[in-house]
Amino acid sequence: MQNLLIEKTNSTPYINFNAVSGVLQIKGESFPENAAKFYNPVMEWLREYLDCTSEQTTLDFEIVYFNSSTSKIFMTIFDVLDEEVKNGKKIVVNWRCDGENETAIECGEEFEEDLRYLPFNIILF
Amino acid sequence: MDDSLYALYQELKKKKILFCYSGPISQTSLEGVGNTLRRNLEYEEAGNKATLSVFSIFVEQVHNILNYSAEKLGYGEDIDEGLRFGIIVIGREENGDYYVYCGNRIYNTDIPVLISKIEEVRRLNKDELKSLYKERRKMAPETGRKGAGLGLIEMARKSGKPLEYSFVTINEEFSFFSIKVVVRR
């Protein structure tokens, strides 16, 4: 399947989902006017990818700021992955943030609290 | 030529208003102004957390105007293409706290629902707001809405003080709604 590459804009992150390496990267800031619309192709790609892969998958999130409607989309992504891990898939999330960005660290912790099976690492740099 | 603009400028300075915008607003203006606002707060050494809180409340407020203002132009088939009108003020309280203060027209028929949503959030403490936020985030999205219904809770969490709001009746159809969110410095 094709890789998914979306360049960053002033309100949306850089997205690079590589189906071959299994590394899915989201980096930047996210506050689009219509988050559901922006992330729709991302969700579609992810569902298709999960249907056909059995390899180790790593999601790298490096998000400085995201708005509340993006937060809902991220939770949906993590819920999908949580279910996949429950069913035996090898997936890990790395939530990368600046050690001085208290808000981003707390946001990562709040996602982690709501997941049961998905390994969720908060990595400070 | 009169000097009313200078009077307005002085008035804004006196009231410690660092930013004021009234008129048509779009996602593009949010991005530009948001960036400038963050740089301004950095110069003022507001601190990372306060800067991000003010920015975050600003984004949620502007998105509320874009989603709900009843004053609009040019809306056709694509709902993302139009302009919505509102007013946004960012300033400092006497004690140095920041505030983000926004207003827009709304339909009178939408007032009861809006009041109940704000009052629900106003009643909750920090931990209760966190639980409600997480509960709503887990729920399936409401159809026909652009927002996730999390904006008010997000603002209350970033503020740490109860949201303040008011309605002024314009006529039989419309009222002017305003909401003020304070960020402790």
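Each chain gets a letter, A, B and so on, in the order its sequence line appears, and its residues count up from 1. Values below: all heavy atoms of this structure, side chains included; hydrogens, waters and symmetry mates excluded.
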* To do: Nearest 0.5 Å please: distance from the CG atom of B/Asn48 over to the OG1 atom of A/Thr103.
  => 8.0 Å
Name the atoms and distances for all side-chain donor-acceptor pairs under 3.5 Å in residues 38-52 of chain A, with sequence neighbours left out.
unit_1  : atom_1 : unit_2  : atom_2 : d
A/Tyr39 : OH     : A/Ser30 : OG     : 2.8
A/Trp45 : NE1    : A/Gln2  : O      : 2.8
A/Tyr49 : OH     : A/Thr57 : OG1    : 2.7

* Roughly how far, to the nearest 0.5 Å, is the CD atom of B/Gln27 from the OG atom of A/Ser11? -> 4.5 Å
* To do: Please flag which part of A/Glu110 lies under 4.5 Å from any non-hydrogen atom of chain B: side chain, backbone, both or neither.
  => both
* **Residues from residues 50-59 of chain B approaching chain A under 4.5 Å (heavy atoms)** => B/Leu52, B/Phe55, B/Ser56, B/Val59
* Asked: If you look at every heavy atom in A/Ser68 and B/Glu154, which pair is closest and at what distance?
  -> CB-CB, 4.1 Å
* To do: Could you tell me whether B/Lys15 atom NZ has more than 12 heavy atoms of other residues or ligands within 6.0 Å of it?
  => no
* **Contacting moiety of A/Asp79, where chain B heavy atoms sit under 4.5 Å** => side chain
* Structure fact -> Taken in chain and number order and not counting sequence neighbours, the residues that satisfy side chain to side chain donor-acceptor pair (under 3.5 Å) with A/Lys86 are none
* **salt bridge (Lys or Arg N to Asp or Glu O under 4.0 Å) between B/Arg38 and A/Glu29, worked out** => CA-CA 13 Å; B/Arg38 272 195 286 192; A/Glu29 302 200 326; 2.8 Å; yes
* To do: Could you grab the distance from atom CG of B/Leu150 to atom NZ of A/Lys72, nearest 0.5 Å is fine?
  => 5.5 Å
* Compare every heavy atom of B/Glu31 with every heavy atom of A/Phe31, then report the nearest pair and how far apart it is. => CE1-CG, 4.1 Å
* Rounded distance (nearest 0.5 Å) linking atom CD of A/Glu106 with atom NZ of B/Lys130 -> 8.0 Å
* Structure fact -> Separation between CZ (A/Phe111) and CZ (B/Arg137), nearest 0.5 Å, reads 4.0 Å
* Donor-acceptor contact present, side-chain A/Glu102 to main-chain B/Lys49, <3.5 Å -> no
* Contact listing (chain A partner; residues 156-171 of chain B; heavy atom under 4.5 Å) -> B/Arg157, B/Lys158
* Check the pair B/Tyr133, A/Ser71 against side-chain hydrogen bond (donor to acceptor under 3.5 Å, both in side chains), reporting the backbone distance first and the verdict last. => CA-CA 10 Å; B/Tyr133 184 84; A/Ser71 170; 3.0 Å; yes
